[in-house]
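Within every chain, numbering begins at 1; the chains are lettered A, B, ... in the order of the sequence lines, protein sequences first and strands thereafter.
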Protein chains: 2
Amino acid sequence: MTKRAISIATVAAEAGVGVGTVSRVLNGSDQVSEATLKRVLSTIERLDYRPLRSASSLSKGRTDAVGILVSVITRPSVMARLVGVIDVLSDAGLDAVVFNVENRAQLDRHLSSIIDQRRVDGIISISLRIPKERIARIRKLSIPLVLVDNSLPNLPCVYIDDVEGGKMATEHLLSLGHRRIGFIGDNARSDLGMSASENRYAGYLMALEAAGIEPDFDLVARGPHSSEAAAVLASALFELRKRRPTAIFASSDTLAVGVIKAAQQHRHKIPDDLAVIGFDNLEVSSILDISTVNQPLLESGIKGASKMVSLLNGEIAKPHREQLVLDVVPRGSSLGIQGNIPTKLYGVVEGPHGLQILQGGEELVS
Amino acid sequence: MTKRAISIATVAAEAGVGVGTVSRVLNGSDQVSEATLKRVLSTIERLDYRPLRSASSLSKGRTDAVGILVSVITRPSVMARLVGVIDVLSDAGLDAVVFNVENRAQLDRHLSSIIDQRRVDGIISISLRIPKERIARIRKLSIPLVLVDNSLPNLPCVYIDDVEGGKMATEHLLSLGHRRIGFIGDNARSDLGMSASENRYAGYLMALEAAGIEPDFDLVARGPHSSEAAAVLASALFELRKRRPTAIFASSDTLAVGVIKAAQQHRHKIPDDLAVIGFDNLEVSSILDISTVNQPLLESGIKGASKMVSLLNGEIAKPHREQLVLDVVPRGSSLGIQGNIPTKLYGVVEGPHGLQILQGGEELVS
DNA sequence: TCCCAATTCGGAACCGGTTCCATGGCATGA
DNA sequence: TCATGCCATGGAACCGGTTCCGAATTGGGA
């Protein structure tokens, strides 16, 4: 309706060169003489010309965008990974197209639209299991696929050993002398294949067995992934009275928060009456002084996206499959040492309108 | 390298029709006879053909993608809005391209690349102020722009009245008899223009003035947006001994968590020694029984994205500028009523391997 | 039986870049 | 001086869809 947007032809005409030359300038070819380069660049500048993305996508045969499949995105752990992924892609000049997946049907719909329409150059899957037949199809089209927080043979992925993590958490409680250790985890969701909680449960069982303790399934409870649900489940475990657990391993910090809240309601002192350990080392566990198993969340996203960038550059992702390390972070909820608030580098100063902590003390990522 | 992907020409040849006809079938034109329609459809099915996104983008002149600019994405409040946006866009068949913005330079870089290369059809900005000159440019190119958690004249936006919210929170504390009310908020960040905390502070001052209370700037503190920082600041306020606040308004729930933690460390009973109210009504405030001001986070994303969908369909976004309502959610941290854990619909049942809360009781969004 | 309008359809032109090939100019070496 | 070769360059062909125009077919009415 208004005047037509300037195209590469306009620039070429204006600069008195051919379209090929302008294209070469845009793509930084060295086949252009100094003088022409300068002239074309100044024309581009003067006309404020930018090549149209979809046109270059069409002829180049790639989109410079990466699709990110994310399970229930609201979980803080998932989010941390996502942030890592987005930041790396953005630095590499790639668009991050995010697809939120909440059930199997959505997963299928998104996958087929992504794959078949080639709207992205690669796919990163976060905390999600992709069905076998889809993987085969992706392979056949040779679209790079990277798994984050998941592992499959022959595919580049970044993952942790959830079984080992569950074992570590349980061993921590065992080492403190606990024998009746409860487990609170997520409902198994076979549709999306988020198996972290169940794997941690497996580790829990292994640790108990190694310690010669018969597992008591009355101390095991599962529910939706929310603090509220965990609190309800913990309350149910407390109803066992004498037979109640002296310690609980919650398969994520979000659940651990609920457990602690329930314990407070029931007037159980932490950690004397009930020790608690969570998983993930979310910010909330630090401030609430909850023991946990640390896993590098942000890092998993960063490493996963880096692999994708390598693959798109035709390189081979250096460590093809990468397992990140876990470590127990003991805090007040199991040790009972009154941990002080971590002041880190924070320095409180007198500001213009009250007290102030100056920025930069903040844990900035990049 | 391998056999060339099938194109619309292949389908046309195979079905014995012209490319135009195939295109009409793809786009649901009614200018196609029943018989041809069926034949083309079956050919498409047989060849498993899908039109290439970038090709159709080029000729249609649109990308069917929306750019989402997000401030520091890690904040739960921002995340909730983002989820709302993504879900609505996804339902409308639009790609969500997410850009994480952590400083002014990034904002500029992303904006120019988005706008100039026309890689998206519209832009949604979440909790972010777009510089005036950029807005002008976006307007000139007539690219739809929707603001979420921000408001500017003549632009479609979804927002709340932060000043009013700050007033409501403070009035809640005043109504409980508190006179020495502290404020803990974020550092002002002029670069990204996230002014929510400062606006809530303005409301705090207004409420105090309306109650005839002289503001005491010794009770005001600002720092980075984290629980840890808030805990440190709250501790500093407690050092005032006799002059210390009897209540604190934290400009977000994340900060309120830190305040409560600090109070516990200092052996201040909540709410008797110290009442606390936050802002946002995050999940954590519910489980920790923290009073707060509820704002519809998910809804803001949903409404913002809906406006975008309307705009892209050439319609006019119905309520052009939409202000969402706030309401105080009084909980234990100010009222002191021992709120029980909200059990909602949760029913605990005996599962195959321990107790279980069946899914569906979970607060599913869509 | 003939004419006109409506319906359906084929295919060229086009969207705006990229790439490859042919060309012309210049320098170098014999 | 001429042959050789390299480098810079113009421009056609192409990427894979969409759209529009003109043609062919059909049906109905006179």
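Residue B:Val22 is classed as having no contact, given no heavy-atom separation below 4.0 Å to the nucleic acid. Residue B:Val32 is classed as a sugar-phosphate contact, given heavy-atom separations below 4.0 Å to backbone atoms only. Nucleic acid contact for B:Leu58: base, since at least one base atom lies under 4.0 Å from a heavy atom of the residue. Counting non-hydrogen atoms under 4.0 angstrom, A:Ser23 reaches a base of the nucleic acid.
When rounded to the nearest whole Å, the span between CZ of B:Arg24 and C1' of D:dG17 equals 13 Å. If you measure from atom CD of B:Glu34 to atom C1' of C:dC9, you get 16 Å, rounded to the nearest angstrom. The distance from atom CD1 of B:Ile6 to atom P of D:dC15 is 15 Å, rounded to the nearest whole Å. When rounded to the nearest whole Å, the span between CG of A:Asp30 and C1' of D:dC7 equals 11 Å. Here the P atom of nucleotide C:dG16 and the CZ atom of B:Arg119 are 18 Å apart, to the nearest Å. Between B:Ile44 atom CD1 and D:dG17 atom P the separation is 10 Å, expressed in whole Å. Protein atom CD of B:Gln117 is 10 Å distant from nucleotide atom P of C:dG17, rounded to whole Å. In this structure, A:Asn27 places its CG atom 13 Å from C1' of C:dG16, rounding to the nearest Å.
A salt bridge is absent between B:Arg24 and B:Asp30: the closest approach of a Lys/Arg side-chain nitrogen to an acidic carboxylate oxygen does not fall below 4.0 angstrom. A salt bridge does not link B:Arg118 to B:Asp116: none of the charged nitrogens lies less than 4.0 Å from a carboxylate oxygen.
Looking at the side chain of A:Ser7, the nearest of the listed nucleotides D:dT18, C:dG16, D:dG16 is C:dG16. Counting only heavy atoms from C-beta on, B:Thr21 has its side chain closest to C:dG10 among D:dG17, D:dG16, C:dG10. Distances from the side chain of B:Tyr49 to the nucleotides D:dC20, C:dG16, D:dG17 place D:dG17 closest. Listed nucleotides: D:dG16, C:dG16, C:dT18. Nearest to the side chain of A:Lys60: C:dT18. Of all nucleotides listed (C:dG17, C:dT8, D:dG17), C:dT8 comes nearest to the side chain of B:Gln31. Picking from D:dC20, D:dA12, D:dT18 the nucleotide with the shortest atom distance to the side chain of A:Val19 gives D:dA12. The side chain of B:Ser33 sits closest to C:dT8 out of C:dT8, D:dT18, D:dT9.
Atom CD of B:Glu133 has more than 12 neighbouring heavy atoms from other residues, nucleotides or ligands inside a 6.0 Å radius. Within a 6.0 Å sphere centred on CD of A:Glu34, other residues, nucleotides and ligands contribute 12 heavy atoms or fewer.
With hydrogens and angles left out, the side-chain atoms of B:Thr36 and B:Ser33 include a donor and acceptor closer than 3.5 Å.
The base of C:dG17 is not paired with the side chain of A:Arg53 by any donor and acceptor separated by under 3.5 Å.
With contacts defined as side-chain heavy-atom distances shorter than 4.5 Å, the pair A:Val146/A:Cys157 does not qualify.
Toward the 5′ end of DNA chain C lies the nearest nucleotide of B:Leu37, the other residue of the pair A:Leu52 and B:Leu37 mapping further downstream.
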